[in-house]
Amino acid sequence: MSSATPASHDEGGHPAYAALTAGDRRAVLRQSLSVGIATGAYGISFGALGVASGLTTLQTVALSLLLFSGGSQFALVGILGAGGTGSAAVATSTLLGVRNGLYALQTSRILDLGGLRRLAAAQITIDESTAVAVGQEKRRAGRLGFWVTGITVFVFWNLMTFAGAVVGNALGDPQRWGLDAAAAAAFTALLWPRLHNRDAAATMVLAVAIALVASPLLPVGVPVILTVLAAVVVGLAAHGRHERTDPEVES
């Protein structure tokens with residue numbers, strides 16, 4: 001006879017809530033650390049560009065510690081470096097940071113946190129930590145991947161930001177070292193195995209097309225928001241299609 005005490009949510013028997021094996025844990029750690037270190041290395045580029053745009057070393061480091069959203073940071077220093085106003089830089093940076101709020105809607109369901117831990121999770125809710133978390137089949141793996149990826153990126157990004165700010169102009173053009181491609185390469189490698197169905201492939205093709213067309217014409221940050229909206233449209237269309245073809249009908 002089964003116990004009268006209801007099973008916990010993690011013990012409901014669904015494969016997504018199964019405990020992690022040693023192999024699962026190693027795979028998640030390997031993925032998280034590789035993405036985190038590759039992305040964190042890109043921080044040296046931001047440090048150099050921050051100083052080149054007129055910020056002090058302290059201001060550049062503070063941006064990475066407090067803002068910690070690579071796209072938003074580059075948008076801010078890029079506009080300032082090009083002679084734009086502070087209000088324009090902040091507005092564009094904020095627009096680009098909207099995506100992090102969308103990520104939180106998904107990661108909050110995986111992490112199920114409250115209090116100070118929720119605040120800590122909010123600080124490291126970025127592209128990479130979200131992608132690793134939602135890319136796992138097991139919820140425990142998603143939680144582990146989120147924290148390890150987010151913390152690894154945070155630590156390396158800030159260390160490399162400081163290094164880049166100190167070295168400054170002595171580094172030369174950051175793109176010459178290939179650092180501008182590190183984060184993109186890591187993220188592409190992370191997403192590639194997930195492009196095994198038509199919905200994911202359609203999202204990728206549409207997002208790439210929008211980015212290529214919009215990037216030369218629109219302000220920094222806007223093309224990213226448009227690609228996010230495109231992903232939402234594809235997702236909603238796919239959800240509706242799956243509902244129409246679902247053989248199960250609620251009684």
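Owing to the predicted nature of the structure, the values given are computational and were not obtained by experimental measurement.
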Taking all atoms of both residues into account, what is the closest heavy-atom pair of S72 and R99, and its distance? OG-NH1, 4.3 Å
Go through the steps to decide whether T130 and Q106 satisfy the test side chain to side chain donor-acceptor pair (under 3.5 Å), and finish with yes or no. CA-CA 8 Å; T130 301; Q106 183 67 28; over 6 Å; no
Distance in Å, L113 CG paired with T107 OG1, rounded so as to fall on 0.5 Å steps: 9.0 Å
Search all heavy atoms of K138 against all heavy atoms of A19 and return the closest pair with its distance. NZ-O, 3.4 Å
Transitively linked via ILVMFWY side-chain contacts under 4.5 Å: L144 with L111? no
Can you tell me how far the CZ atom of F154 sits from the CD1 atom of I126, to the nearest 0.5 Å? 10.0 Å
Between atom CD of Q123 and atom CG of N100, what is the distance when rounded to the nearest 0.5 Å? 10.0 Å
Are L63 and L65 connected into the same hydrophobic cluster when the rule is that any two of I, L, V, M, F, W, Y join if their side-chain heavy atoms are below 4.5 Å apart? yes
Check the pair V153, F68 against side-chain contact (heavy atoms from CB on, under 4.5 Å), reporting the backbone distance first and the verdict last. CA-CA 10 Å; V153 174; F68 188 54; 3.8 Å; yes
Going through the checks in order, is the side-chain contact (heavy atoms from CB on, under 4.5 Å) test met by Y103 and V134? CA-CA 10 Å; Y103 296 159; V134 302; over 6 Å; no
Verify, without hydrogens or angle tests, whether S64 (side chain) and V61 (backbone) share a donor-acceptor contact under 3.5 angstrom. no
If you look at every heavy atom in F46 and T60, which pair is closest and at what distance? CE2-O, 3.6 Å
Evaluate the ring planes of Y42 and W157, with Trp represented by its six-membered ring, and classify them as parallel (under 30°), tilted (30 to 60°) or perpendicular (over 60°). perpendicular
OG/S129 to CD1/I151 distance, rounded to the nearest 0.5 angstrom? 10.0 Å
Which atom names give the shortest non-hydrogen contact between G142 and I110, and what distance separates them? C-CG2, 4.1 Å
State, to 0.1 Å, how close V77 and G50 come at their nearest heavy-atom pair, and which atoms those are. CG1-CA, 4.1 Å
Measure the OG1-CZ distance between T57 and F162 for me, rounded to the nearest 0.5 Å. 7.5 Å
Nearest heavy-atom approach of A121 to F146 is O-CZ, 3.5 Å
To the nearest 0.5 Å, atom CG of L212 lies from atom CG of L217 at 11.0 Å
Is there a path from I37 to V148 through hydrophobic residues (I, L, V, M, F, W, Y) whose side chains come within less than 4.5 Å of each other? no
Does T161 form a side chain to side chain donor-acceptor pair (under 3.5 Å) with N158? I'd like the steps, not just the answer. CA-CA 5 Å; T161 293; N158 281 282; 5.4 Å; no
